[in-house]
Amino acid sequence: MEKFDHPYFEARLLSDAALSPDESQELQRHLQVCEACSQLAIAWNQVRAELRAATLLAPPEGFTQRWKIRQELVRRQQHRRQVLVTLVFSVGGAALLFLILGLLALPLLISPRPALLVIVYQLTTFFSAASDAAEIARTLARAVGNLVPPTLWVGLAVAAAGLLIIWVAAMLRLLKTGRVSVWNDQRR
Amino acid sequence: MEHVEALCIAMAQHGDAEAFARLVDFYQTPVYNLCHRMLGDSGEAEDAAQEAFLRAYKNILRYDDKRPFATWLLSIAAHYCIDQLRKRRMNIVSVEDLPPQTELPDPTPNPESVVSGREQQSRVQALLNSLSEVDRAVVVMYYWYEYSYEEIAQTLDLTVSAVKSRLHRARRSMAEAWTGDQRQTALMEAGNHGEIRSPVF
């Protein structure tokens with residue numbers, strides 16, 4: 001009768017850990033008397049040799065290029081999906097808004113007279129308020145015009161004209177050197 | 001390379017697809033090999049490897065730089081392949097429906113060594129096919145990438161003791177599969193000899 005059972009020797013056989021001389025001798029003795037473990041040892045040695053001989057498999061040429069194409073397709077699909085979702089939400093929102101407005105406008109369509117009176121009253125009030133605001137603005141402009149000397153007006157006009165010229169020149173230069181298009185390409 | 005890799009990862013995290021493409025270029029072979037060893041078919045392996053890189057790119061902001069990038073990448077690929085194998089098993093695909101073993105790339109020009117290489121790859125694949133999905137991933141990481149038990153545990157979300165036990169079980173299964181295959185071959189050879197001899201007697 002062996003000191004240890006099969007699982008003990010199996011663990012020794014299938015382990016990558018180095019065995020001590022005593023353990024190794026013990027295993028060899030067991031292998032001489034146990035056919036099952038002996039066959040397992042032969043089989044495992046063959047399998048291990050096969051595994052160690054196997055090399056890394058490389059993908060066919062152009063893998064990265066194919067990944068770039070696939071990534072671009074995925075990006076476009078995501079973009080399309082986002083656009084579709086936005087569109088659905090916008091159309092849905094607009095439809096909901098029209099529905100609410102329609103429900104609100106329904107009493108007006110049935111009996112329009114009170115509503116028209118309210119609208120006329122609101123418009124009259126609005127135009128009256130606008131006329132008052134314009135009168136206040138005119139009074140203020142006259143007061144400020146009298147306070148500021150004419151030379152300051154001339155100075156402000158010249159400064160504004162200078163700033164306009166600088167802005168136009170900057171825009172022309174930017175468009176001429178093509179900086180705008182390069183920046184757009186990089187963004188894409 | 002580590003510096004370049006870190007730079008590419010940082011650029012990819014800022015949305016630079018070209019920088020990530022450099023990482024794809026660098027890691028294509030390890031990721032493809034893992035997928036091929038797991039799935040056993042070059043077409044499926046290509047798809048799985050591409051998908052793994054796409055998922056990695058999508059989740060690049062979640063990458064923790066304390067962990068090696070290769071481990072993170074292989075973890076994504078391994079989990080994807082495990083899912084694919086489980087789906088395949090759930091669909092109960094018959095052997096006839098499985099994709100044929102397509103040609104394996106071998107740079108050696110000698111036809112004999114090409115055949116020998118293919119036979120060797122085919123034998124290894126048959127051994128791997130005898131294992132469960134996770135056991136297969138453990139074996140591939142141990143023998144092809146020389147990962148430690150701790151690294152395998154981290155990559156596959158297992159404990160170290162689970163890795164050891166799975167590796168032991170996988171070795172036993174592969175040895176048994178090899179013995180079974182040898183017996184089958186011996187029986188077939190004996191059958192062939194019998195057919196030849198029968199007219200003589």
Side-chain angles (χ1 to χ4, degrees), chain A residues 5-19 27 31 34-79 81-82 183 185-188, chain B residues 17-18 20-37 42-43 45-47 49-54 57-58 103-107 117 120-121 123-128 139-140 142-145 164 167-182:
Chain A
D5 51 3
H6 285 293
Y8 171 82
F9 288 109
E10 252 184 47
R12 286 271 177 273
L13 266 175
L14 300 174
S15 170
D16 269 352
L19 299 178
L27 181 63
L31 291 179
C34 178
E35 199 187 340
C37 284
S38 172
Q39 277 192 349
L40 183 70
I42 293 166
W44 172 237
N45 282 335
Q46 290 291 332
V47 170
R48 189 165 48 190
E50 294 275 21
L51 291 175
R52 284 182 179 164
T55 51
L56 281 181
L57 297 172
E61 284 287 311
F63 181 87
T64 310
Q65 199 55 39
R66 289 194 294 281
W67 180 81
K68 281 182 188 174
I69 294 165
R70 198 160 167 168
Q71 195 269 332
E72 183 58 25
L73 281 173
V74 169
R75 196 189 65 77
R76 279 185 194 169
Q77 273 176 357
Q78 280 174 346
H79 180 69
R81 206 175 299 135
Q82 278 174 354
W183 184 77
D185 286 346
Q186 280 173 349
R187 291 280 293 175
R188 268 200 295 276
Chain B
E18 201 57 43
F20 193 82
R22 288 185 71 183
L23 294 168
V24 173
D25 207 34
F26 188 74
Y27 286 108
Q28 56 176 301
T29 301
V31 172
Y32 176 82
N33 179 66
L34 174 76
C35 296
H36 199 296
R37 299 297 179 189
S42 56
E46 163 96 12
D47 263 359
Q50 295 270 351
E51 185 59 34
F53 278 116
L54 283 175
Y57 182 56
K58 195 179 165 189
E103 286 184 16
L104 298 162
D106 192 336
Q120 203 269 341
Q121 299 291 4
R123 282 196 304 273
V124 169
Q125 200 55 53
L127 291 171
L128 290 172
V139 167
V140 173
Y142 189 82
Y143 286 99
W144 274 273
Y145 303 98
K164 284 179 185 172
L167 201 54
H168 176 82
R169 191 172 59 197
R171 283 166 175 161
R172 198 179 200 297
S173 297
M174 285 191 290
E176 282 171 357
W178 187 84
T179 311
D181 191 46
Q182 292 298 306

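The chains referred to below are lettered A, B, ... by the order of the sequence lines, with proteins before strands, and numbering in each begins at 1.
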With a 4.5 angstrom heavy-atom cut-off, which part of [X] approaches chain A: side chain, backbone, both or neither?
X	value
Q182(B)	neither
V24(B)	both
A45(B)	neither
R123(B)	side chain

For [X], is it the side chain, the backbone, both or neither that has a heavy atom under 4.5 Å from a heavy atom of chain B?
X	answer
A41(A)	neither
D16(A)	both
S15(A)	backbone

Query raised in the report: Between the side chain of Q71(A) and the main-chain N/O of L54(B), is any donor-acceptor distance below 3.5 Å?
Result: no
Query raised in the report: Is NZ or CZ of R37(B) both nearer than 6.0 Å to the six-membered ring centre of Y143(B) and within 45° of the ring axis?
Result: no
Requested in this report: Calculate, to the nearest 0.5 Å, the distance between atoms CG and OG1 belonging to L40(A) and T179(B) respectively.
Outcome: 7.0 Å
Report task. State the CD-CH2 distance between E46(B) and W67(A), to the nearest 0.5 angstrom. Result -> 13.5 Å
Report task. Among the options L167(B), V31(B), D25(B), pick out the one with the most heavy-atom pairs lying under 4.5 Å from chain A. Result -> D25(B)
**Report entry** Which of L34(B), D47(B), L128(B) touches chain A most, by non-hydrogen pairs under 4.5 Å
**Finding:** D47(B)
Query raised in the report: Please walk me through it: do W44(A) and L13(A) pass side chain to side chain contact (heavy atoms under 4.5 Å, CB included)?
Result: CA-CA 8 Å; W44(A) 172 237; L13(A) 266 175; 5.6 Å; no
Query - chain B contacts, top residue of Q39(A), R66(A), R48(A) (heavy-atom pairs, under 4.5 Å) - result: R66(A)
Query raised in the report: Parallel, tilted or perpendicular: which fits the ring planes of F20(B) and F53(B), with parallel below 30° and perpendicular above 60°?
Result: perpendicular
**Report entry** Basic-acidic side-chain contact under 4.0 Å: E72(A), K68(A)
**Finding:** no
